[in-house]
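Residue numbers begin at 1 in each chain, while the letters A, B, ... track the order of the sequences.
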2 protein chains.
Amino acid sequence: MKKLQHLDRNSVVPLYYQIQQRLLEQIQSRELAVGQALPATQELAATLGVSLMTARQAIKSLCDLGVLYSKQGKGTFISGMKLEKDFRQVLSFTEEMKARGSRPGSRVLSFGIRTGSREVLEALHLRPGEQVIELRRVRHANTLPMGIECSSLPLQLCPDLLDTFDPRTSLYRVLAERYGIDMIVADEVAEVGLATRVDARLLRISDKSPVFLFTRTSYVQSGRPVEYVRATYRGDRYKIVNRLTRLNRALLNSSRPM
Amino acid sequence: MKKLQHLDRNSVVPLYYQIQQRLLEQIQSRELAVGQALPATQELAATLGVSLMTARQAIKSLCDLGVLYSKQGKGTFISGMKLEKDFRQVLSFTEEMKARGSRPGSRVLSFGIRTGSREVLEALHLRPGEQVIELRRVRHANTLPMGIECSSLPLQLCPDLLDTFDPRTSLYRVLAERYGIDMIVADEVAEVGLATRVDARLLRISDKSPVFLFTRTSYVQSGRPVEYVRATYRGDRYKIVNRLTRLNRALLNSSRPM
DNA sequence: AAGTGGTCTAGACCACTCG
DNA sequence: GAGTGGTCTAGACCACTTG
């Protein structure tokens, strides 16, 4: 049995968030088992000394995460869904490799300003002739080449990036810290192909090896695109791990909440 | 200007959902433009004649969808994020092909009961020796072969599926309608490879063409795995379209809501 | 009928942003 | 200081499930 700590009502941390975290701890420590029913929302609220709505808010957020699920009239239950952190997200290469337990590295091929190609301009919603900052790198994991990436960013977005950014460090960190640019969503297209001679040499694989071909556009919260990436990744050392969900019901036709 | 319909307080449709749908329509019809600020929550609530919490609930749900975003002290704004329906979700092949505008079809290679391999049993959380229903199909889009899929389901979950299911129809629909099984989340691993001779013949591609190799495990709400799929898809006619998000902050370390 | 989650109210106070 | 979103309350009523 665990002694319940009281909630801190003077904290800047919202009550519902404290409750959410406490439940999460209890679930992750197996104190609450998979399939088990949570106390009724009213009981939980009474125990914690908070309002019903506040307790519901905490539960709702965990339902959205897939940790819990509620059935009207029955109760709220612990889901057996794994909540791993290694599903594909908007991550910098640096973050992704660390999450996979590898040591990231890069070799810069080129870094400069150029006029965007039609493909790049379209993806970034720029006008014809506008300039972009282009950064081409070979990405390494534990000193082995993993892929080739070519990032393009609107020049107007970060006009002095060329001076302030050391291209061997994390681009995403500089964008976030210096320019306040947080990419929170990205659209990615993955295709398969065969390595070209140039790519094969850079990746140290044999000619015509199967590779992943990525195009990725990243957006900030307002929906404005801020980065367009074309990448080629080794097929023998890279895989895509995805969590797919059934959503979007809100959008079309006559669906209603359950 | 559009005449605002009143909310229907006698409807079984929740008020917040009516509000959400109305906002969504106004956004999709460009009546509310990208970047524009929504009326203040209080104003919106007053206009609609609902409580503040109710209006907030509608706005919150649209923020979660990425349609809106709120900044404390500033306002709530229309995001330019596209809300397309063709991002990768938990979809049956049938649904996916229709969403892509193709006519789906299948050719059944085999359909029967067998003892699960170690790989299948592990994915489905079954005990050694347990039996599964296995369905192998060639998937077509507009009569052209797209991929080969091998689905395995726990026999205990749908013991009479072999009798009740016509393997040329939609597996997902039968599972949902007859057994109440709704797969709402799936974990998928995608790799690249070269087509084997057998697969190449079935897919009508040349030997050693690059292909996608998928393994996918689908789960119901409780977190119980109910389907394991191994699939090989043509690299020249298939691509993965993904929307990645930056989430999971709730899980680790000291993060807090913004 | 009792117990559950889902929706809703009419307020309150706080934190943040901007002029 | 005025306006905004974020949190919270103490109730109410409803819909659904189970015995």
Side-chain angles (χ1 to χ4, degrees), chain A residues 6-23 35-64 67-79 180 221-222 249-250 255-258, chain B residues 6-23 35-64 67-79 180 221-222 249-250 255-258:
Chain A
H6 281 129
L7 300 174
D8 182 357
R9 297 193 86 93
N10 297 320
S11 168
V12 289
V13 180
L15 283 176
Y16 81 89
Y17 193 78
Q18 293 181 44
I19 299 169
Q20 173 193 317
Q21 288 299 309
R22 175 184 296 195
L23 289 173
Q36 187 181 334
L38 224 60
T41 313
Q42 299 166 24
E43 187 185 331
L44 194 66
T47 306
L48 296 171
V50 301
S51 148
L52 232 174
M53 289 294 273
T54 304
R56 277 205 93 250
Q57 195 174 358
I59 290 170
K60 173 68 161 47
S61 65
L62 291 175
C63 286
D64 291 343
V67 176
L68 302 176
Y69 62 100
S70 295
K71 292 196 174 181
Q72 191 173 41
K74 295 190 73 171
T76 301
F77 305 88
I78 317 288
S79 163
Q221 211 171 25
S222 68
R249 271 195 308 271
S255 60
R256 292 205 298 101
M258 294 189 302
Chain B
H6 280 130
L7 300 174
D8 182 358
R9 298 193 86 91
N10 296 321
S11 167
V12 290
V13 180
L15 283 176
Y16 80 89
Y17 192 78
Q18 294 181 44
I19 298 169
Q20 173 192 317
Q21 289 298 310
R22 174 184 298 196
L23 289 173
Q36 187 181 334
L38 225 61
T41 313
Q42 299 166 22
E43 187 185 331
L44 193 66
T47 305
L48 297 171
V50 300
S51 146
L52 232 174
M53 289 294 273
T54 304
R56 276 204 94 251
Q57 195 175 357
I59 290 170
K60 174 67 160 49
S61 66
L62 291 175
C63 286
D64 291 343
V67 177
L68 301 177
Y69 62 99
S70 295
K71 292 197 173 181
Q72 191 172 38
K74 295 191 73 170
T76 301
F77 305 88
I78 317 288
S79 164
Q221 212 171 25
S222 68
R249 272 197 306 271
S255 61
R256 292 205 297 103
M258 294 189 302

Trainee: Does C:dT9 have its OP1 or OP2 closer than 4.0 Å to a side-chain nitrogen or oxygen of B:Arg9?
Mentor: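 For C:dT9, OP1 or OP2 has a side-chain N or O of B:Arg9 closer than 4.0 Å.
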
Trainee: Determine whether B:Thr47 and B:Pro39 make a side-chain contact, defined as any pair of heavy atoms from C-beta on separated by less than 4.5 Å.
Mentor: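 Side chain of B:Thr47 against side chain of B:Pro39, heavy atoms only: no contact under 4.5 Å found.
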
Trainee: Of the options C:dT9, D:dC8, D:dG11, whose atoms approach the side-chain atoms of A:Leu52 most closely?
Mentor: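 For A:Leu52, the side-chain atoms sit closest to D:dG11.
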
Trainee: Return the minimal non-hydrogen interatomic distance between A:Thr41 and A:Arg56, and the atom names on each side.
Mentor: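 For A:Thr41 and A:Arg56, the tightest heavy-atom pair comes out as CG2-CG, 3.6 Å.
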
Trainee: Provide, to the nearest angstrom, the distance between the CG atom belonging to A:Leu44 and the P atom belonging to D:dC8.
Mentor: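 Taking atom P of D:dC8 as the reference, CG of A:Leu44 is at 14 Å.
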
Trainee: Taking the side chain as everything from C-beta on, heavy atoms only, tell me whether A:Leu62 gets closer than 4.5 Å to A:Thr76.
Mentor: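 The answer is no; the side chains never approach within 4.5 Å.
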
Trainee: Please determine whether a side-chain nitrogen or oxygen atom of B:Thr54 lies at a distance below 4.0 Å from atom OP1 or OP2 of C:dT9.
Mentor: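 For B:Thr54, the contact criterion (side-chain N or O under 4.0 Å from OP1 or OP2 of C:dT9) is met.
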
Trainee: Roughly how many Å is it from OH in B:Tyr17 to P in C:dC8, rounded to a whole number?
Mentor: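 These atoms are roughly 13 Å apart.
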
Trainee: What heavy-atom pair brings A:Tyr69 and B:Ser222 nearest, and what distance separates the two atoms?
Mentor: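 Scanning both residues, the minimum pair turns out to be OH-CB, 3.2 Å.
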
Trainee: Could you tell me the separation between the NZ atom of B:Lys60 and the P atom of D:dC8, rounded to a whole number of Å?
Mentor: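 It is 13 Å, rounded to the nearest whole Å.
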
Trainee: Could you check how far OH of B:Tyr69 sits from P of D:dG6, rounded to whole Å?
Mentor: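 Checked: the OH to P distance equals 13 Å.
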
Trainee: Please write out each protein N/O paired with an N/O of nucleotides 2-5 of chain D under 3.5 Å, distance rounded to 0.1 Å.
Mentor:
from, atom 1, to, atom 2, distance (Å)
D:dG3, N2, B:Gly73, O, 3.0
D:dT4, O2, B:Gly73, N, 3.4
D:dG5, OP1, B:Thr76, OG1, 3.4
D:dG5, OP2, B:Thr41, N, 2.8
D:dG5, OP2, B:Thr41, OG1, 3.3
D:dG5, N2, B:Gln72, NE2, 3.1

Trainee: For the pair made of CD in B:Gln20 and P in C:dT7, what is the distance, rounded to whole Å?
Mentor: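 B:Gln20 atom CD is separated from C:dT7 atom P by 11 Å.
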
Trainee: Can you measure B:Tyr16 atom OH to C:dT9 atom P for me and round it to whole angstrom units?
Mentor: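 Distance, rounded to whole Å: 13 Å.
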
Trainee: I need the CG-P distance between A:Leu48 and D:dT9, as an integer number of Å.
Mentor: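 After rounding, the reported distance stands at 10 Å.
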
Trainee: Check whether any side-chain heavy atom of A:Leu7 sits under 4.5 Å from a side-chain heavy atom of A:Arg22, and report yes or no.
Mentor: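 Yes, at least one pair of side-chain atoms sits under 4.5 Å.
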
Trainee: Expressed as a whole number of angstroms, how long is the span from B:Asn10:CG to D:dA15:C1'?
Mentor: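 Computing the B:Asn10:CG to D:dA15:C1' distance gives 16 Å.
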
Trainee: Any side-chain heavy atom of A:Gln18 sitting closer than 4.5 Å to one from A:Leu48?
Mentor: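 Not in contact.
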
Trainee: Can you confirm whether B:Glu43 sits close enough to B:Leu38 that some side-chain heavy atom of one is under 4.5 Å from a side-chain heavy atom of the other?
Mentor: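 Counting from C-beta outward, B:Glu43 and B:Leu38 never come under 4.5 Å.
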
